[in-house]
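Below, each value reflects all heavy atoms present in this structure, side chains not excepted, and no hydrogens, waters or symmetry copies. In this chain, residues are counted from 1 in sequence order.
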Amino acid sequence: MAEVKLVSVSKSYDGKNKVVNNVNLDIQDKEFVVLVGPSGCGKSTTLRMVAGLEEITSGEIYIDGKLVNDVSPKSRDIAMVFQNYALYPHMTVYDNMAFGLKIRKYSKEEIRKRVTEAAKILDLEPYLKRKPKALSGGQRQRVAVGRAIVRHPKVFLFDEPLSNLDAKLRVQMRTEISKLHNRLEATIIYVTHDQTEAMTMGDRIAVMKDGDLHQVDTPMNIYNYPVNLFVAGFIGSPPMNFINGKIIKEDNLKFVSNDKSFSVDLDSNSYDAVKNYIDKPVALGIRPENIFNKPDDTLNLKKHRVKLEVAEPMGNETILYFKLSDSQFIARVPAIEKPQPGIEIDIYFNLDKLHFFSLDDGKAIR
């Protein structure tokens with residue numbers, strides 16, 4: 001396997017607007033890195049530049065220490081798994097998996113050995129004589145993965161491989177790809193718009209928006225310490241709640257919402273972080289699981305009375321929707337009997353789990 005390094009990589013189709021803008025990313029040997037972001041953010045274009053399927057406008061890409069800007073896709077020693085499987089409908093599963101090896105003129109014995117080995121890893125042995133039309137979506141995706149495995153490439157590239165599967169199969173295939181990574185100790189770059197896939201699969205996550213790389217870190221660091229408003233709102237399901245206001249200094253530091261209907265006292269430990277933002281526009285953020293419907297003496301909580309708009313029972317938990325200072329809020333609480341919309345309830349904010357962001361540049365205030 002191999003390290004992949006992107007140095008100031010950009011892509012423009014018209015010479016003016018960049019769909020990928022100065023991306024710097026170092027992917028270690030045997031690492032599983034997920035490129036995640038909304039549709040059109042440039043993540044698939046970045047992956048295709050690594051594969052050699054898209055020409056780089058500027059910058060450099062290295063695979064295993066070798067500059068590959070002018071190296072053809074077939075000579076980069078990578079294998080790519082596409083969203084639409086890209087299987088040959090007239091070939092059996094065996095022939096689909098063997099095709100790339102035949103083109104490279106491997107011996108029949110070596111082809112048989114590699115295909116059999118990959119089929120065993122992916123539980124495809126009973127289906128080797130079938131054609132793709134006789135397979136389920138999940139089985140077809142496993143064949144596409146198997147076709148990549150038999151190559152023994154330095155790097156695996158996955159371009160939204162699960163987006164055509166139903167919810168149950170997506171969960172199953174997420175597990176299978178993660179197990180495959182551990183078994184093969186492969187270097188994997190995986191593209192998805194699904195932040196749940198990113199959180200559950202990646203050693204590190206690279207969050208993109210509008211061609212820019214916003215944050216690269218472990219899933220938990222990105223979840224707990226987002227660098228800006230976009231990352232905070234994109235990673236997490238349900239997403240982080242936000243309310244706009246400003247920091248003021250009276251007897252102590254305080255966050256006050258724009259309409260002054262909501263305020264939070266800040267402790268002295270927050271002073272150094274927010275002293276440069278006093279009387280400037282900021283956003284307070286809090287994740288749904290840090291809002292409670294019952295008091296807890298072990299936590300630093302602030303109570304607020306709100307009118308419930310919607311309650312969604314999810315079995316093991318209930319999702320509550322309410323408004324606060326004209327901002328829509330979501331709370332994730334333990335399962336309760338479904339309350340009626342329109343009633344007033346007490347909710348409790350965990351003051352030790354608040355995030356603050358500058359509204360001037362969107363950056364987190366630490």
May I ask you to say whether [X] pairs ionically with [Y], meaning some side-chain N is under 4.0 Å from a carboxylate O?
X	Y	value
Glu176	Lys179	no
Glu110	Arg114	yes
Arg48	Asp159	no

Would you say that [X] contacts [Y] through its side chain, given a criterion of any heavy-atom pair below 4.5 Å between the two side chains?
X	Y	result
Pro226	Phe357	yes
Lys303	Pro295	no
Lys154	Lys66	no
Arg204	Glu31	yes
Arg147	Tyr85	no
Val81	Phe156	no
Leu324	Phe349	yes
Leu47	Phe158	no

Note to self: Before you tell me yes or no, could you show the steps for Lys102 and Asp95 under salt bridge (Lys or Arg N to Asp or Glu O under 4.0 Å), namely the whole-Å CA-CA distance, both residues' side-chain angles and the distance that decides it to 0.1 Å?
What the structure shows: CA-CA 9 Å; Lys102 290 178 180 178; Asp95 290 334; 3.4 Å; yes
Show the nearest heavy-atom pair for residues [X] and [Y], with the distance to one decimal.
X	Y	answer
Ile78	Pro73	CG1-O, 4.3 Å
Asp194	Arg170	OD2-NE, 4.4 Å
Leu359	Val282	CD1-O, 3.4 Å
Tyr225	Gln215	O-NE2, 3.2 Å
Val256	Ser263	CG2-CB, 4.1 Å
Thr92	Leu128	CB-O, 3.5 Å

Notebook entry, point to check: When you check the side-chain N and O atoms of Ser12 and Asp14, is any donor under 3.5 Å from an acceptor?
Noted result: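 Present: a donor and an acceptor within the cut-off.
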Point-to-point distance, once rounded to the nearest 0.5 Å, from [atom1] of [X] to [atom2] of [Y]:
X	Y	atom1	atom2	result
His193	Ser39	NE2	OG	6.0 Å
Glu197	Thr192	CD	OG1	3.5 Å
Thr218	Met199	OG1	CE	8.5 Å
Tyr348	Ile291	OH	CD1	13.5 Å
Ile111	Thr116	CD1	OG1	11.0 Å
Glu312	Ile330	CD	CD1	8.0 Å

Surrounding [atom1] of [X] (heavy atoms of other residues, nucleotides or ligands, distance under 6.0 Å), is the total greater than 12?
X	atom1	result
Arg305	CZ	yes
Lys280	NZ	no
Asp70	CG	no
Glu344	CD	yes

Note to self: Looking at Gly236, is its backbone amide N or carbonyl O close enough to the side chain of Gln195 to form a donor-acceptor pair, meaning the two atoms are under 3.5 Å apart?
What the structure shows: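 Pair found, side chain donor or acceptor close to backbone of Gly236.
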Notebook entry, point to check: Any donor and acceptor pair, going by atom type alone, linking the side chain of Lys11 with main-chain N or O of Glu55 inside 3.5 Å?
Noted result: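 Pair found, side chain donor or acceptor close to backbone of Glu55.
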Does one hydrophobic cluster hold both [X] and [Y], with members joined at side-chain heavy-atom distances below 4.5 Å?
X	Y	answer
Leu299	Ile345	no
Phe292	Val310	no
Phe255	Leu229	no
Ile286	Leu308	yes
Ile235	Phe242	no

Next item on the list: May I ask you to decide if the ring planes of Tyr190 and Phe32 are parallel, tilted or perpendicular, using 30° and 60° as cut-offs?
Entry: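 Answer is tilted, since the angle falls between 30° and 60°.
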Checklist line | Parallel, tilted or perpendicular: ring planes of Tyr88 versus His90, cut at 30 and 60 degrees | finding: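 Rings of Tyr88 and His90: perpendicular, over 60°.
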Next item on the list: Would you please indicate yes or no on a ring centroid separation below 6.0 angstrom for Phe262 and Phe329?
Entry: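 Centroid separation for Phe329 and Phe262: 6.0 Å or greater.
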